[in-house]
Amino acid sequence: MPPIDARQQLAHDRYLATHPELAEEIRQLDAREQQQQVQWAFEDAAQSQGLEPWEYVLELTAESPEELASLREGVHREVAQALGMPWEAYKSLNEL
């Protein structure tokens, strides 16, 4: 499993803090297996809310609605750039 960045780790920590039953269930596993179980549960929780995991990370870590909006835009701008697509065309295509 690839290493995760600090924001994703914070989101996982916050998720786990609100799900003590999961924490108890995985406490006997080694650290790598615990991380994997939290990742799977986190992804399932994101999906159940109609979010992509990266969006759920932002939801759990943004300190304000304004920061959340800014972070989302930043991710979308990175995707547009990676695709070689002008920002305005990307926004229109994705209804942003």
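Comment: Arg14 engages Glu63 in a salt bridge, judged by a side-chain N to carboxylate O separation of less than 4.0 angstrom. Salt-bridge formation is not detected for the pair Lys91/Glu73: no Lys NZ or Arg NE/NH1/NH2 atom is positioned less than 4.0 Å from an Asp or Glu carboxylate oxygen.
Contact annotation: the side chain of Met85 approaches that of Leu93 to within less than 4.5 Å [non-hydrogen atoms, C-beta and beyond]. Using a 4.5 Å heavy-atom cutoff, the side chains of Val75 and Leu58 are in contact. In this structure the side chain of Ser64 reaches within 4.5 angstrom of the side chain of Glu66, judged on heavy atoms. In this structure, the side chains of Leu96 and Trp87 come closer than 4.5 Å at one or more pairs of heavy atoms.
The CG atom of Leu71 sits 11.0 Å away from atom CD of Glu59, with the distance rounded to the nearest 0.5 Å. Going from atom CD of Glu21 over to atom CG of Leu16 covers 9.0 Å, rounded to the nearest 0.5 Å. Once rounded to the nearest 0.5 Å, the distance linking CD of Gln35 with CD of Gln9 reads 6.5 Å. Taking CD from Gln34 and CD from Gln39, the interatomic distance works out to 14.0 Å, rounded to the nearest 0.5 Å. Annotation: the span from Gln8 atom CD to Asp13 atom CG amounts to 11.0 Å, rounded to 0.5 Å.
Glu43 and Gln47 form no side-chain donor-acceptor contact under 3.5 Å, judged by distance and modelled atom types alone.
Cluster annotation: Trp54 and Val38 are assigned to distinct hydrophobic clusters (Ile/Leu/Val/Met/Phe/Trp/Tyr, side-chain heavy-atom contacts under 4.5 Å, transitive). In the hydrophobic clustering of ILVMFWY residues, with side-chain heavy atoms under 4.5 Å counting as a link, Leu60 and Leu68 come out apart. A single hydrophobic cluster is seen to contain both Tyr15 and Leu51, as judged by linkage of ILVMFWY side chains at heavy-atom distances under 4.5 Å, directly or through other members.
The shortest non-hydrogen separation linking Ala45 to Ser48 is O-OG, 2.8 Å.
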